[in-house]
Amino acid sequence: MSSFDSFVNELPSPFTIETIEPSVVYLLSRTHVLELMDELSREPSFIQIILGITAARHKRYNDELVSFIRDTPEERYLRLLTQRPHIVKRVQQHYIASYLGVSSVHLSRIKNKLAKGREHF
């Protein structure tokens, strides 16, 4: 994981990453990544693979941004339940609330409302 801007422009990242589950993290220096990219760039399909990965990540970020503008927190929670139910099962509520842009109390209200089958607050 890396901030793309930070990696390309050799600037300090404005982000930090914190794991919420026990994790094994491997470090690959920028120099080694560039060497690996140089080697792999000789493979005919490498550029297509990188473009595909980049396009998919860009689309996901755009979808997330549009969702924060267009959708209610309840709609974002329902999408999370549908698209990534494993996250809801494994991640603590306050992290999910933060991801949705609401307080833990508001997320509890959303979950209670959905559990009772009500359509509106």
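Within a 6.0 Å sphere centred on OH of Tyr95, other residues, nucleotides and ligands contribute more than 12 heavy atoms. Heavy-atom contacts from other residues, nucleotides or ligands closer than 6.0 Å to CZ of Arg90 number 12 or fewer. Counting non-hydrogen atoms of neighbouring residues, nucleotides and ligands closer than 6.0 angstrom, the NE2 atom of His58 reaches no more than 12 such neighbours.
There is a path of hydrophobic side-chain contacts, each under 4.5 Å, that joins Ile20 to Ile87. Taking hydrophobic clusters as Ile, Leu, Val, Met, Phe, Trp and Tyr residues chained together by side-chain heavy-atom distances below 4.5 Å, Val8 shares a cluster with Leu40. Residues Leu28 and Ile49 do not share a hydrophobic cluster, clusters being chains of Ile/Leu/Val/Met/Phe/Trp/Tyr side chains in contact below 4.5 Å. No single ILVMFWY cluster, assembled from side-chain heavy atoms under 4.5 Å apart, contains both Leu100 and Phe68. Note on Val66 and Tyr77: separate hydrophobic clusters, where clusters join Ile, Leu, Val, Met, Phe, Trp and Tyr whose side-chain heavy atoms are under 4.5 Å apart, directly or indirectly.
Rounding to the nearest 0.5 Å places CG of Leu81 at 10.5 Å from CD1 of Ile110. Distance check: Glu64 CD to Arg79 CZ gives 8.5 Å after rounding to the nearest 0.5 Å. Distance CD/Gln48 to CD1/Ile50: 11.0 Å, rounded to 0.5 Å.
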Decide yes or no on side chain to side chain contact (heavy atoms under 4.5 Å, CB included) for Tyr99 and Leu80, but give the supporting numbers first. CA-CA 10 Å; Tyr99 172 77; Leu80 183 63; 4.3 Å; yes

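For residues 27-41, the set of pairs meeting the side-chain hydrogen bond (donor to acceptor under 3.5 Å, both in side chains) definition, not counting sequence neighbours, comprises Ser29-His32, Asp38-Arg42.
At distances below 3.5 Å, not a single donor-acceptor pair connects side-chain atoms of Ser98 with backbone N or O atoms of His94. A side-chain donor-acceptor contact under 3.5 Å links Thr82 to the backbone of Leu78. The backbone N or O of Val25 sits nowhere less than 3.5 Å from a side-chain atom of Ser23 that would complete a donor-acceptor pair. Of the possible polar contacts, one joining the Ser103 side chain to the His106 backbone as a donor-acceptor pair under 3.5 Å is found.
Nearest heavy atom pair, residue Gln93 against residue Lys111, reads OE1-NZ, 3.2 Å. Closest approach of Asp71 and Arg76 over heavy atoms only: O-NH1, 2.8 Å. The shortest non-hydrogen separation linking Ser13 to Ser3 is OG-CB, 3.4 Å. In terms of heavy atoms, Ser6 sits closest to Pro12 at OG-C, 3.7 Å.
No side-chain heavy atom of Val88 sits under 4.5 Å from any side-chain heavy atom of Arg84.
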